Amino acid sequence: MEEPEPYRTTVPPLKDRWDAILQIRHEIASELEQMARELPGEVRKQLRSLSRWFKGPCNYDEALKRPDVLSICLPLINISTAKQISRFDIAQAAQRGFCSAGPNISPGRRLVRLLLYPFLVLLASGLLAVGFSFWIAPQFEEMFAEFGIELPAITLAFLWSSQMVREWWWLVLSCAIVAAFLCWLMGRLGRDRRPANVSWLDQKLMSTRNALASWAWHISLLLEAGISENHAVKTAGSASANSWLQKTSIANAGNGQSGEQLSGESLFFNPKYQLLERTMRLPASAGKIDLLREVAIYYRDRNNDFGDWWIHWIVALMFWLVGVAVLLAVLALFMPLIAIISGLTGY
């Protein structure tokens, strides 16, 4: 039985048009910079990251590893070779490409948005606890020492924790500063090798289902660019931050260059991902590209729904812990006071 021919789009492969894209890369960078000036916050950073990439060497193999770059380049290969690429074509490609890279949503920024209010509550509670440890707890310690009463275990534990805060606050603050600096440094290193809206922390926080969603979307772009399926699997796998997905992609892609069928009886070896498994087993076609993108959106939405459920429970638990901590603090301070008052009044 003959093997099916690899899928080829009706437009030239990206590799054949790469020289034309190199000639206009500064115009693409300028258009992205113009878009960045008109948009706020994180979107501006993403666009400027893309702009820096196009101002650089614009290596073809590196472009294949970045879905956001592919999203901008692919509309340009649809333009006839007989037609000169105009400024309008570049602007349209930049806008369409940046919007189509939307499924690569930053997990870190989404997590920050969901946990911002609980984090502010915890921060305020922590500052109050530090202030109490430095200025109020010592006065209670002196008062209890003057009366010479035996303190309950909960009060001793509370006063001991206040002493630890006073003695080691500088170590906790130093660790927090060092951790923040390391996160910033790791985010700066290699930032032009990652998609513009995915940081180093995002890659570490990314779940397996989210990684598969990004992988499927990346595969669809590579197939649209005229890359063979095996090469697309290997390239998307090497660009993924998920080590399991990297190994699985390389193992199933073979040498990554031929148009042969994917090797192995199963691509992901897990029934949870059979939807993507079956999609990858379909013959290469335009319909498969569209279906891969639908699978990517479905996986990401399902992962976000499940993640939101866990986050809501975690937030509720955090608030309960803060409430319990406040209740224990009140009991720890007032139980000795009640004993002192009872001793003075004779009741």
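Scope of the values below: all heavy atoms of this structure, side chains included, with no hydrogens, waters or symmetry mates. All values reported here derive from a predicted model rather than from experimental measurement.
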* With hydrophobic residues grouped by side-chain heavy-atom distances under 4.5 Å, do Trp170 and Met164 end up in a single group? -> yes
* To do: Begin from the C-alpha positions of Phe144 and Thr155 and carry the test side-chain contact (heavy atoms from CB on, under 4.5 Å) through to its verdict.
  => CA-CA 10 Å; Phe144 295 152; Thr155 305; 4.0 Å; yes
* Structure fact -> Value for CH2 (Trp215) from OG (Ser249), rounded to nearest 0.5 Å, stands at 5.0 Å
* Does the Ser133 side chain pair with the main chain of Ala129, one donor and one acceptor, at a distance under 3.5 Å? -> yes
* Backbone N or O of Tyr299 within a donor-acceptor pair of the Arg209 side chain at under 3.5 Å? -> no
* pair Thr208-Leu245: side-chain heavy atoms closer than 4.5 Å -> no
* To do: Tell me, with the steps shown, if Glu27 and Ile24 meet side-chain contact (heavy atoms from CB on, under 4.5 Å).
  => CA-CA 5 Å; Glu27 287 81 357; Ile24 60 170; 3.9 Å; yes
* Shortest non-hydrogen contact from Ser214 toward Arg300 -> OG-NH2, 2.7 Å
* Structure fact -> CG (Leu223) and CG (Asp290) are apart, to the nearest 0.5 Å, by 11.0 Å
* **Closest contact, heavy atoms only, Gly237 versus Gln246** => O-CG, 2.9 Å
* Asked: For Val322 and Ser125, which heavy atoms make the closest approach, and how far apart are they?
  -> CG1-OG, 3.8 Å
* Is there a path of hydrophobic side-chain contacts, each under 4.5 Å between heavy atoms of I, L, V, M, F, W or Y residues, that connects Leu159 with Val330? -> yes
* **Salt-bridge contact Arg293-Glu224 (side-chain N to carboxylate O under 4.0 Å)** => yes
* Does Gln274 reach the side chain of Arg278, with side-chain heavy atoms less than 4.5 Å apart? -> yes
* Taking every non-hydrogen atom, the tightest pair across Ala211 and Asn242 -> CB-CB, 3.9 Å
* Asked: Is the count of non-hydrogen atoms from other residues, nucleotides or ligands lying under 6.0 Å from Phe119 atom CZ greater than 12?
  -> no
* Asked: For Leu64, does its backbone N or O pair with a side-chain atom of His218 as donor and acceptor, under 3.5 Å?
  -> yes
* With the 4.5 Å side-chain cut-off for hydrophobic clustering, are Ile177 and Trp168 part of the same group? -> yes
* Step-by-step ring-ring contact (aromatic ring centres under 6.0 Å, His included) determination, Phe132 to Phe158 -> CA-CA 11 Å; Phe132 180 88; Phe158 187 75; 5.5 Å; yes
* In sequence, state the C-alpha distance, the side-chain angles, and the governing distance for Gln34 and Glu38, and then conclude on side chain to side chain donor-acceptor pair (under 3.5 Å). => CA-CA 7 Å; Gln34 177 64 33; Glu38 298 172 356; 3.0 Å; yes
* Can you tell me how far CZ of Arg52 sits from OG of Ser49, rounded to the nearest 0.5 angstrom? -> 4.5 Å
* Asked: Step by step, would you call Asp89 with Ser86 a side chain to side chain donor-acceptor pair (under 3.5 Å)?
  -> CA-CA 5 Å; Asp89 295 327; Ser86 66; 3.0 Å; yes
* Trp135 and Leu173: same hydrophobic cluster, using ILVMFWY side-chain contacts below 4.5 Å? -> yes
* Gap separating the CG atom of Leu221 from the CD1 atom of Ile72, nearest 0.5 angstrom -> 11.5 Å
* Closest approach of Glu229 and Met280, non-hydrogen atoms and distance? -> OE2-O, 3.4 Å
* Asked: Looking at Leu32 and Phe54, what are the two nearest heavy atoms and their distance?
  -> CD1-CD1, 3.7 Å
* Could you go step by step and tell me if Trp53 and Asp68 meet the side-chain contact (heavy atoms from CB on, under 4.5 Å) rule? -> CA-CA 11 Å; Trp53 192 92; Asp68 52 348; over 6 Å; no
* **Test item: side-chain donor near acceptor, Arg96 and Ser71, under 3.5 Å** => no
* Asked: From Leu76 CG over to Ile90 CD1, what is the distance, rounded to the nearest 0.5 angstrom?
  -> 7.0 Å
* Main-chain N/O of Leu14 paired to Tyr60 side chain as donor or acceptor, under 3.5 Å -> no
* Verify side-chain contact (heavy atoms from CB on, under 4.5 Å) between Val130 and Trp169, making sure each step is shown before the conclusion. => CA-CA 9 Å; Val130 170; Trp169 66 270; 5.8 Å; no
* Before accepting this row, confirm whether a basic side-chain N of the pair Arg166/Glu141 lies closer than 4.0 Å to the acidic partner's carboxylate O. => yes
* Asked: Between Lys272 and Glu277, is the closest basic N to carboxylate O distance under 4.0 Å?
  -> no
* Is Lys65 reaching over with its side chain to a backbone N or O of Thr235, donor-acceptor style, under 3.5 angstrom? -> no
* Lys/Arg N to Asp/Glu carboxylate O, Glu33 vs Arg48, below 4.0 Å -> yes
* To do: Would you indicate whether Glu150, at its atom CD, is surrounded by more than 12 heavy atoms from other residues, nucleotides or ligands within a distance under 6.0 Å?
  => no
* ILVMFWY cluster, Leu122 and Trp320 together (side-chain gap under 4.5 Å) -> no
* Got a sec, which residues hit side chain to side chain contact (heavy atoms under 4.5 Å, CB included) with Leu22, two or more places apart in sequence or on another chain? -> Trp18, Asp19, Arg25, Cys58
* To do: Mind checking the NZ-OG spacing from Lys247 to Ser240? Nearest 0.5 Å is all I need.
  => 12.5 Å
